[in-house]
Peer 1: 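Sharing a structure below in structure tokens format, with a few things to ask.
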Amino acid sequence: MLRFGLCCIFKDQPIKFRQTTATTLRKLPRQDQLYKLSEICLANTQSVKKALQFSADNGIGAFRIPTPLFPRYTHSEVGYTLDDLPAADEIKNECAKIKSFRENKDIRLSLHPDQFNVLSSFREEVVKNTVNELEYQGILAELVGAEIINVHVGGSYGNKPESLDRMARNFHLLSERVRLRLTLENDDVSYTPSDLLPVCDELGIPFVYDIHHHRCLPDGMSEQETSGKCVSLWQKFGREPYFHISSPRNGWQQGNPRPHADYIDPQDFPPCWHHLNVTIDIEAKAKELAVFQLRVDLGL
DNA sequence: GCATGTCAAGTTGTG
DNA sequence: CACAACTTGACATGC
């Protein structure tokens, strides 16, 4: 069975996630900052619950939680912990509901920390911030029962082996809570599946295969072979594999193929995936509509 | 109301 | 050298 996953936000569904910025918060007294943050965090956890309900109602088996669910949590000036917030108990209660709903309905939850998280950096400050942010993601993941914290390696700085070594060393700075959830994903500028599969094997963590990135940055390994290796790595941990797919906004023939299209072109869906038991996150701008359309196009 | 500029963080490739 | 792209626009401000 193929399990399709939604990413972060919705196109048509009235499910919204709120945000705020450090600049805005800085203008408020601490008390007001915490009140504002409390409202946002509570609203966002309620939105995750709605997203899960929508998924359950529509046969969608995975949801990627927006990274800034608790906005500015790790910020050096305006950061906070849940217990600082007036609605801390309510927020934790919502998270507990998300966790049990997820378990009952078998919906997988993942997190995808953004590009500022660079475990391969040679700058101590960057690594420190990255660890900090990943630890926040770990706390969030534990609260809501998210299984995966998926990251890119980041910079290669002109020397991939050395950068991967740094990443592997910095991996051990992370708590078990984060290490047990961390996965690596191939990107479209530096690290290919061939680069990452051995590293993942060494670190004992799974590999998330993004086929669009692979097509933008090929490594000579076929899609079928890469899929197979990804599947066996996940099977080693007794877990269901995770794939990502998207289509190029302007097609493969003209311009930059990296920007994502609104929908998935069924031609871009690899035939070798059809018979697998895997989770496939649909990275398309039309969001839930793209998942529905793809199911129709593939005759599912 | 609506248009517009801004928002914590990193790295890379393109024009 | 500026800017877009990346998993993703939303929010605050000012007219």
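A note on names: the letters A, B, ... follow the listed sequences, proteins ahead of strands, and every chain is numbered from 1.
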Peer 1: Between B:dT4 and C:dA5, how far apart are the two C1' atoms, rounded to whole Å?
Peer 2: 22 Å

Peer 1: Between atom CG in A:N129 and atom P in B:dT11, what is the gap in whole Å?
Peer 2: 11 Å

Peer 1: Determine the Euclidean distance between corresponding P atoms of C:dA10 and B:dG10; express it in Å to zero decimal places.
Peer 2: 24 Å

Peer 1: Please classify the nucleic acid contact of A:H260 as base, sugar-phosphate, or nothing, using heavy-atom distances under 4.0 Å.
Peer 2: sugar-phosphate

Peer 1: Taking only N and O in the side chain of A:K128, is any of them less than 4.0 Å away from OP1 or OP2 of B:dA9?
Peer 2: no

Peer 1: Mind listing the residues from residues 109-122 of chain A sitting with a heavy atom below 4.0 Å of DNA chain B? Number order is fine.
Peer 2: A:D114, A:Q115, A:F116, A:V118, A:S121

Peer 1: Round to the nearest Å and state the distance from A:H75 atom NE2 to B:dA8 atom C1'.
Peer 2: 5 Å

Peer 1: Could you label the plane-to-plane angle of the A:H152 and A:H112 rings as parallel, tilted or perpendicular, counting under 30° as parallel and over 60° as perpendicular?
Peer 2: tilted

Peer 1: Pull out every residue in residues 138-166 of chain A that has a heavy atom closer than 4.0 Å to any atom of DNA chain B, ordered by number, or say none.
Peer 2: A:G155, A:S156, A:Y157

Peer 1: Please work out if A:K36 contacts a base, only the sugar-phosphate, or nothing of the nucleic acid, heavy-atom cut-off 4.0 Å.
Peer 2: sugar-phosphate

Peer 1: Is any side-chain N or O of A:R258 under 3.5 Å from a base N or O of C:dA5, one able to act as donor and the other as acceptor?
Peer 2: no

Peer 1: Take atom P in B:dC7 and the same atom in C:dC3, then report the distance between them in whole Å.
Peer 2: 15 Å

Peer 1: Extract from the structure each pairing of a protein N or O with an N or O of nucleotides 13-15 of chain C at less than 3.5 Å, listing the distance.
Peer 2:
residue	atom	partner	partner atom	Å
C:dT13	OP1	A:K27	NZ	3.1

Peer 1: Need one value for A:K285: base, sugar-phosphate or nothing, where a base atom within 4.0 Å counts as base even if backbone is also close, heavy atoms only.
Peer 2: sugar-phosphate

Peer 1: In terms of side-chain heavy atoms of A:R26, which of B:dT11, C:dG9, B:dA8 is nearest?
Peer 2: B:dA8

Peer 1: Rounding to an integer number of Å, can you tell me how far A:L25 CG sits from B:dA8 C1'?
Peer 2: 11 Å

Peer 1: Name the orientation class of the two ring planes belonging to A:Y80 and A:Y73 (parallel below 30°, tilted from 30 to 60°, perpendicular beyond 60°).
Peer 2: perpendicular

Peer 1: Under 4.0 Å, counting only non-hydrogen atoms across every strand here, what does A:C7 touch: a base, just sugar-phosphate, or nothing?
Peer 2: nothing

Peer 1: Could you label the plane-to-plane angle of the A:F10 and A:F54 rings as parallel, tilted or perpendicular, counting under 30° as parallel and over 60° as perpendicular?
Peer 2: perpendicular

Peer 1: Please pick, from B:dA8, C:dA10, C:dC6, the nucleotide with the shortest atom-to-atom distance to any side-chain atom of A:Q19.
Peer 2: C:dA10

Peer 1: How many whole angstroms separate atom CZ of A:F17 from atom P of C:dT8?
Peer 2: 15 Å

Peer 1: Could you tell me whether A:H212 contacts a base, only the sugar-phosphate backbone, or nothing, with contacts defined as non-hydrogen atoms closer than 4.0 Å?
Peer 2: nothing

Peer 1: Taking the P atom in each of C:dA4 and C:dT8, what is the distance between them to the nearest angstrom?
Peer 2: 16 Å

Peer 1: Ring-plane angle category for A:Y136 and A:F70, please: parallel below 30°, perpendicular beyond 60°, tilted otherwise.
Peer 2: tilted

Peer 1: It should be established whether A:T23 places a side-chain nitrogen or oxygen under 4.0 Å from OP1 or OP2 of nucleotide B:dA8.
Peer 2: yes

Peer 1: Given B:dA8, C:dT7, C:dT8, identify the nucleotide with an atom nearest to the side chain of A:E283.
Peer 2: C:dT7

Peer 1: Would you measure the distance from the C1' atom in C:dC1 across to the matching atom in B:dA9 and give it in whole Å?
Peer 2: 22 Å

Peer 1: What's the gap between B:dA8 and C:dA12 when it is taken at their P atoms, as a whole Å value?
Peer 2: 12 Å

Peer 1: Roughly how many Å is it from CG in A:L28 to P in C:dC11, rounded to a whole number?
Peer 2: 15 Å

Peer 1: Base, sugar-phosphate or nothing for A:R123? Non-hydrogen atoms, less than 4.0 Å.
Peer 2: sugar-phosphate

Peer 1: What's the closest nucleotide to the side chain of A:K287 if the choices are B:dT11, C:dT8, C:dA12?
Peer 2: C:dT8

